[in-house]
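Throughout, protein chains are lettered first and strands after them, A, B, ... in sequence-line order, and every chain is numbered starting at 1.
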Amino acid sequence: MPIRLYNTLTRQIEEFKPLEGNTVRMYTCGPTVYAYAHIGNFRTFLFQDVLRRYLKYAGYEIRHVVNLTDVDDNTIRNSQAENVPLRAYTDKYIEAFLDDRQLLNLEEPEYLVRATDCIPEMVQLIQKLVDKGFAYLSEGSVYFKVAAFPAYGQLTHVDFSGVRTGARVDSDKYDKENARDFVLWKAAKEGEPFWETPFGPGRPGWHIECSAMSMKFLGETFDIHSGGSDLIFPHHENEIAQSEAASGKPFVKVWMHSEHLIVNNEKMSKSLGNFYTLRDLINKGYKPSAVRYLLVSVPHRKPLNFTFDGLHQAQQSIDRLRNFRFRLTKESFPAGESLTLQNRAHEARQKFEAGLDDNLNTAEALGAIFDMVRDGNTAMDRGEFREGDRGAFLDTLERWDRIFAVLEDDDHAKLVKFGFVKPSTAVDSAPVAVNETGNGHQGAGLIESLSDEEIEKLIAERKAARLGGNYARSDEIRTNLLKAGVILEDTKAGTRWKRK
RNA sequence: GGCGCGGUACCCAAGUGGUAAGGGAGAGGUCUGCAAAACCUUUAUACGUGAGUUCGAUUCUCACCCGCGCCUCCA
């Protein structure tokens, strides 16, 4: 089945096929790096990650550009407030963004580019627009002349031609000919960073960077452009206008937008202050994989209501999946194989692929994999599972996880890597970090932690104690480990441990 | 006002013109030195409200109610 995607431009689900060859060229509006990105932002980045992962899964080559807006009112204001050069200020948040991406298992795009590294391309593009009569200079700034581009409004599906102009917007603030006109290049202000250009010193407007950067790396026409639904207007509408006016060609084939994250019936946003960053959630004891799972579990065109209960549920769901994989790899089964069972695994694979084919319906893909998990478990419990059946189930699971990327139990390792957790050595003195979260769930307490080696050592000791009938010692070790945030499970395949 | 998204069990959430996936929670059970965990089973005469089309609608049409977003910076 071909992949079908909902296109905001046509308002229809369309069969996807790359414009040229086997390569998908896609562009993503990245963050403005003046603060930590919040998980609402990451919902969009995660949706894009699922998109690119599934396109790869389907056999396409990906050429993906993500921009970093490192010059705008906010970055300038904040860097000046801290008395730091703009570049140094934004470096900090770019680094944080990259860390968060790794924590959330976001694949690295082929091009991750700072806006300020593409100023010449922007200037060129603006010059072209001026030359072609789509832009005009005024008081040192350059504006796009919306009236010169009749197709304006095609993405928003609004006819702007009859809209009154100048009445509502304070048109005297700028010297624009028309209130709808938007700025391509802003004249330099006293004390602000600027670049020298043929139209005078200044800095780029918000929209031009995305046109210039996408065209630089992907060409004048490319396959997919995506972002949050709040970017449809004016940002993406303006991008289309600028790009198509300059090139005379269609800009983008498929526009994809994700709905917002909702908190207490409001959009999560920086301006409302109702946001959580990944750091916030990690510090409350939640695992990055749970955040990824939650944000990816609801198809991108539906609003997603963020709650701590939801995060907790996500964590439980991942555990169920990981538990199944543990059984699958560690338990021993009788020799032989069961074609019926293996067919179940193949069916599950087809079903999850069919779900993702359908405009990335992640919920359906999730359902398919859980069906398989239940059937697999049942077969194991009944003794019907055979050694030869492992492969089929593992294969489906592995394929599924190429998209979802939550099965690897590496949260702890990542938290250590990024400095959220300090390794500790003393078992009995390890503090019990109980973090109450908003919903009363007990946080994982990942403040300090034992190393894997130390845990394994204690488990070996406990095993010996149990074999010798010394249950007092065995239980003591179990209790101490639990206090240190490590849960032991005695399974048929031996003692298994995991971190809370 | 314009444009868009949504209203499915206690919570989250798929889906279909022919009678409701999946996850969490709850309940029951299996396993176990104990415990925990795990696993299994189970939980919607019902899909915002009212009409209409139909042999039949949660799924189509119309109206209405409610929540959210965009229309200004915003993923």
K.L.:
Give me the atom names and distance for the closest heavy-atom approach of A/Phe182 to A/Gln242.
P.N.:
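Shortest heavy-atom separation between A/Phe182 and A/Gln242 comes out as CE1-NE2, 3.3 Å.
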
K.L.:
For nucleotides B/C40 and B/G24, find the distance between their P atoms and express it as a whole number of Å.
P.N.:
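That atom pair is separated by 9 Å.
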
K.L.:
Across all strands, who's sitting opposite B/G1 as a Watson-Crick or G-U wobble pair, both distances under 3.5 Å?
P.N.:
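Answer to the pairing question: B/C71, which forms a Watson-Crick or G-U pair with B/G1.
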
K.L.:
For the residue pair A/Tyr111 and A/Phe217, does the interplanar ring angle fall in the parallel (under 30°), tilted (30 to 60°) or perpendicular (over 60°) class?
P.N.:
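Plane angle between 30° and 60°, so tilted.
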
K.L.:
Answer with base, sugar-phosphate or nothing: what part of the nucleic acid does A/Leu231 contact at a heavy-atom distance below 4.0 Å?
P.N.:
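The answer is sugar-phosphate, as A/Leu231 gets under 4.0 Å only of primed atoms, P, OP1 or OP2.
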
K.L.:
Can you tell me the base-pairing partner of B/U61? Count Watson-Crick or G-U wobble geometry only, both distances below 3.5 Å, and say none if there is no partner.
P.N.:
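B/U61 is paired with B/A51.
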
K.L.:
If you only use heavy atoms from C-beta on, which nucleotide in B/C40, B/A75, B/G15 is closest to the side chain of A/Thr44?
P.N.:
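Nearest listed nucleotide: B/A75.
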
K.L.:
Strictly below 4.0 Å, N to O, side chains only: are A/Arg499 and A/Asp411 in salt-bridge contact?
P.N.:
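Salt bridge between A/Arg499 and A/Asp411, a charged N being under 4.0 Å from a carboxylate O: no.
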
K.L.:
It should be established whether A/Arg11 places a side-chain nitrogen or oxygen under 4.0 Å from OP1 or OP2 of nucleotide B/G4.
P.N.:
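Yes.
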
K.L.:
Who does B/A38 pair with, Watson-Crick or G-U, both distances under 3.5 Å?
P.N.:
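WC or wobble partner is B/U30.
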
K.L.:
How would you label the contact of A/Met380 with the nucleic acid (heavy atoms, under 4.0 Å): base, sugar-phosphate, or nothing?
P.N.:
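No contact at all - A/Met380 keeps every heavy atom at 4.0 Å or more from the nucleic acid.
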
K.L.:
So, is A/Asn361 near the phosphate of B/G15, with a side-chain N or O under 4.0 Å from OP1 or OP2?
P.N.:
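Result: yes.
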
K.L.:
Can you check the A/Leu106 CG to B/A75 C1' distance for me, whole Å?
P.N.:
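A/Leu106 atom CG is separated from B/A75 atom C1' by 13 Å.
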
K.L.:
Does the plane of the ring in A/Phe306 sit parallel, tilted or perpendicular to the ring in A/Phe308? Use 30° and 60° as the thresholds.
P.N.:
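Geometry flag for A/Phe308 against A/Phe306: perpendicular rings.
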
K.L.:
OP1 or OP2 of B/C40 versus the side-chain N and O atoms of A/Arg320: is any pair under 4.0 Å?
P.N.:
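The answer is yes; a side-chain N or O of A/Arg320 sits under 4.0 Å from OP1 or OP2.
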
K.L.:
Measure CG/A/Asn359 against P/B/C5 and give the value in whole Å, please.
P.N.:
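Distance check: A/Asn359 CG to B/C5 P gives 12 Å.
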
K.L.:
Do you know which two heavy atoms are closest between A/Gly227 and A/Leu231, and how far apart they sit?
P.N.:
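Nearest heavy atoms, A/Gly227 then A/Leu231: CA-CD1, 4.3 Å.
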
K.L.:
Side chain of A/Glu364: nearest nucleotide among B/G69, B/G15, B/A75?
P.N.:
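The nucleotide sitting nearest to the side chain is B/G15.
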
K.L.:
Using the C1' atom as the point on both nucleotides, what is the distance between B/C70 and B/A75, in whole Å?
P.N.:
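Those two atoms are separated by 13 Å.
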
K.L.:
Determine whether A/Lys302 and A/Glu259 satisfy the following criterion, salt bridge (Lys or Arg N to Asp or Glu O under 4.0 Å), listing intermediate values before the conclusion.
P.N.:
CA-CA 6 Å; A/Lys302 288 209 158 198; A/Glu259 281 303 323; over 6 Å; no

K.L.:
Provide the distance between the two C1' atoms, one in B/A38 and one in B/A20, to the nearest whole Å.
P.N.:
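To the nearest whole Å, 29 Å.
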
K.L.:
May I have the distance from A/His236 (atom NE2) to B/A75 (atom P), rounded to whole angstrom?
P.N.:
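About 10 Å, once rounded to whole Å.
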
K.L.:
Using the six-membered ring wherever Trp is involved, compare the ring planes of A/Phe333 and A/Phe385 and label them parallel, tilted or perpendicular (cut-offs 30° and 60°).
P.N.:
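Geometry flag for A/Phe385 against A/Phe333: tilted rings.
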
K.L.:
State which of B/U72, B/A75, B/A37 makes the closest approach to the side chain of A/Glu489.
P.N.:
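So the nucleotide nearest the side chain must be B/A37.
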
K.L.:
Applying salt bridge (Lys or Arg N to Asp or Glu O under 4.0 Å) as the test, list every pair that has at least one member in residues 357-370 of chain A; sequence neighbours left out.
P.N.:
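Matches after skipping sequence neighbours: A/Arg4-A/Asp358.
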
K.L.:
Please state whether the rings of A/Phe45 and A/Phe42 are parallel, tilted or perpendicular, taking 30° and 60° as the class boundaries.
P.N.:
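Plane angle over 60°, so perpendicular.
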
K.L.:
Please report, rounded to the nearest Å, how far the C1' atom of B/A14 is from the CG atom of A/Leu366.
P.N.:
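After rounding, the gap between these two atoms is 10 Å.
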
K.L.:
Send over the distance from A/Phe182 CZ to B/C71 P, rounded to a whole Å.
P.N.:
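Distance check: A/Phe182 CZ to B/C71 P gives 15 Å.
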
K.L.:
Between A/Arg462 and B/A35, is there a side-chain N or O to OP1/OP2 distance below 4.0 Å?
P.N.:
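No, no such contact exists.
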
K.L.:
In whole Å, measure the gap between the C1' atoms of B/G48 and B/C68 for me.
P.N.:
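15 Å, rounded to whole Å.
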
K.L.:
Establish, with yes or no, whether the OP1 or OP2 oxygen of B/A21 is under 4.0 angstrom from a side-chain nitrogen or oxygen of A/Lys351.
P.N.:
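For B/A21, neither OP1 nor OP2 has a side-chain N or O of A/Lys351 closer than 4.0 Å.
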
K.L.:
Should A/Phe370 be counted as stacked on B/G23, where stacking needs a ring-centre gap under 5.5 Å and an angle between planes under 30 degrees?
P.N.:
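The base of B/G23 is not stacked with A/Phe370 (the test needs centres under 5.5 Å and planes under 30°).
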
K.L.:
Should A/Arg327 be listed as having a side-chain N or O under 4.0 Å from OP1 or OP2 of B/A38?
P.N.:
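No, A/Arg327 has no side-chain N/O under 4.0 Å of OP1/OP2 on B/A38.
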
K.L.:
Report all side-chain donor-acceptor pairs from residues 26-36 of chain A shorter than 3.5 Å, counting only partners two or more places apart or in another chain.
P.N.:
unit_1, atom_1, unit_2, atom_2, d
A/Thr28, OG1, A/His64, NE2, 2.8

K.L.:
With a cut-off of less than 4.0 Å, is there a side-chain N or O of A/Arg496 near OP1 or OP2 of B/A37?
P.N.:
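So the side chain of A/Arg496 is outside the cut-off, no N or O lying under 4.0 Å from OP1 or OP2 of B/A37.
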
K.L.:
Touch check for A/Asp371, heavy atoms < 4.0 angstrom, all strands: base, sugar-phosphate only, or nothing?
P.N.:
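Answer is sugar-phosphate: A/Asp371 comes under 4.0 Å of backbone atoms only.
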
K.L.:
Considering only the P atoms, how many Å lie between B/U8 and B/U42, rounded to the nearest integer?
P.N.:
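These two P atoms come out 24 Å apart once rounded.
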
K.L.:
Atom pairs, N/O to N/O, protein against nucleotides 8-13 of chain B, distance under 3.5 Å?
P.N.:
unit_1, atom_1, unit_2, atom_2, d
B/C11, O2, A/Gln313, NE2, 3.2

K.L.:
Please tell me if A/Arg301 has a side-chain N or O lying less than 4.0 Å from either OP1 or OP2 of B/C5.
P.N.:
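Yes, within the criterion.
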
K.L.:
If I pick the C1' atom on B/G52 and the same atom on B/A14, what distance separates them, to the nearest angstrom?
P.N.:
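28 Å, rounded to whole Å.
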
K.L.:
Assign A/Thr378 to base, sugar-phosphate, or nothing according to its heavy-atom contacts below 4.0 angstrom with the strands shown.
P.N.:
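The answer is sugar-phosphate, as A/Thr378 gets under 4.0 Å only of primed atoms, P, OP1 or OP2.
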
K.L.:
Which part of the nucleic acid does A/Thr156 contact within heavy-atom distance under 4.0 Å: base, sugar-phosphate only, or nothing?
P.N.:
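Contact class for A/Thr156: sugar-phosphate only.
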
K.L.:
How many whole angstroms separate atom CD of A/Gln315 from atom P of B/G24?
P.N.:
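For the pair A/Gln315 CD and B/G24 P, the rounded distance is 12 Å.
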
K.L.:
For A/Asn265 and B/G7, give me the distance from atom CG to atom C1', rounded to whole Å.
P.N.:
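The answer, rounded to whole Å, is 12 Å.
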
K.L.:
Taking only the C1' atom of each, what is the distance from B/A51 to B/U43 in whole angstrom?
P.N.:
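Those two atoms are separated by 33 Å.
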
K.L.:
Rounded to the nearest Å, what distance is computed from the NZ atom of residue A/Lys270 to the P atom of nucleotide B/C73?
P.N.:
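Computing the A/Lys270:NZ to B/C73:P distance gives 16 Å.
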
